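Working notes, beginning with the structure itself.
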Amino acid sequence: MKYKNFIDSILDENCTDIIYIEDENKQKIAYEQIALIPYDNKLYTIMVEKSAFDSMQEDAGEVFLVDEKKQQLKLVENVNIISSVFEIYDRMFDEIGE
């Protein structure tokens, strides 16, 4: 499926496209989206680098803030936000498994 931009693909819960994010050295890194999590009136996504996803490394997920207006993702470094987002994800995952 084609999207206007990568934010639209992130917002589509059925999208399985690879998302490319530039690092600080302008290198494009391939990510797979694991979840889209609303928290504290903001939207976050949990992404895993494709190389880590393929090798099934645990705790490889990174949390990004989704900024729809600026059409960008911002890596979250606040440990409290990261923990809260993963707690919500774990609860969602547990509910699906029940």
Side-chain angles (χ1 to χ4, degrees):
M1 180 180 280
K2 298 294 180 194
Y3 299 93
K4 293 180 191 175
N5 55 59
F6 78 99
I7 294 294
D8 285 347
S9 64
I10 287 171
L11 297 176
D12 180 355
E13 65 184 45
N14 297 313
C15 180
T16 58
D17 292 356
I18 301 298
I19 307 295
Y20 293 91
I21 301 174
E22 281 188 6
D23 67 9
E24 61 275 354
N25 298 319
K26 303 289 185 197
Q27 299 293 317
K28 288 189 177 185
I29 301 171
Y31 282 87
E32 290 202 29
Q33 180 172 323
I34 302 302
L36 193 60
I37 309 289
Y39 169 69
D40 197 27
N41 295 318
K42 296 179 182 168
L43 196 56
Y44 296 89
T45 182
I46 299 174
M47 309 278 277
V48 176
E49 279 190 46
K50 179 88 171 93
S51 58
F53 188 86
D54 290 343
S55 63
M56 301 303 278
Q57 293 178 9
E58 290 187 30
D59 300 328
E62 297 178 73
V63 176
F64 291 86
L65 173 65
V66 179
D67 187 332
E68 292 179 69
K69 289 181 183 177
K70 293 183 181 179
Q71 296 291 306
Q72 65 184 19
L73 297 177
K74 181 179 179 192
L75 182 64
V76 175
E77 296 179 6
N78 181 310
V79 178
N80 294 326
I81 293 173
I82 293 168
S83 294
S84 295
V85 168
F86 273 105
E87 285 176 20
I88 293 168
Y89 171 72
D90 288 341
R91 280 191 305 239
M92 290 170 51
F93 192 76
D94 288 344
E95 288 174 6
I96 291 171
E98 292 179 353

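Residue numbers count from 1 along this sequence. On a predicted model such as this, the values are computed, not experimentally measured, just so you know.
- Atom CD1 of residue Ile19 and atom CD of residue Gln33 lie 6.5 Å apart, to the nearest 0.5 angstrom.
- In this structure, Ala35 and Thr45 approach most closely via the heavy-atom pair O-OG1, 3.1 Å.
- Considering only heavy atoms from C-beta on, Leu11 comes within 4.5 Å of Leu43 through its side chain.
- Formation of a donor-acceptor pair under 3.5 Å by the Asn25 side chain with backbone atoms of Gln27 is not found in this model.
- Side-chain contact between Leu73 and Val66: present, with at least one pair of heavy atoms (C-beta onward) separated by less than 4.5 Å.
- The line from CG of Asp8 to CD of Gln71 is 6.5 Å long, rounded to the nearest 0.5 Å.
- To the nearest 0.5 angstrom, Leu65 atom CG is 10.0 Å from Lys70 atom NZ.
- The shortest distance between side-chain heavy atoms of Glu62 and Leu75 falls below 4.5 Å.
- With rounding to the nearest 0.5 angstrom, the CD atom of Glu77 is 7.5 Å from the CD1 atom of Ile82.
- When the side chains of ILVMFWY residues are joined at heavy-atom separations under 4.5 Å, either directly or via intervening members, Met92 and Val63 end up in a single hydrophobic cluster.
- Between Ile88 and Tyr44 the shortest side-chain heavy-atom distance does not fall below 4.5 Å.
- What you find for Tyr20 and Ala30 is that their closest heavy atoms are CE2-CB, 3.6 Å.
- Of the inter-residue distances, the one linking Ser84 atom OG with Ile37 atom CD1 reads 11.5 Å to the nearest 0.5 angstrom.
- Side-chain contacts under 4.5 Å among hydrophobic residues (ILVMFWY), followed directly or transitively, place Val79 with no other residue at all.
- Listed by chain and residue number, Phe64 satisfy the ring-ring contact (aromatic ring centres under 6.0 Å, His included) test with Tyr31 (two or more places apart in sequence, or in another chain).
- Linking ILVMFWY side-chain heavy atoms closer than 4.5 Å, directly or via other members, places Ile10 and Ile29 in a single hydrophobic cluster.
- Under the side-chain contact (heavy atoms from CB on, under 4.5 Å) criterion, Asn80 pairs with Asn78, not counting sequence neighbours.
- We find the CD1-CD distance between Ile46 and Glu32 to be 14.0 Å, quoted to the nearest 0.5 Å.
- In plain terms, the two heavy atoms of Ser9 and Cys15 that are nearest each other are O-CB, 3.3 Å.
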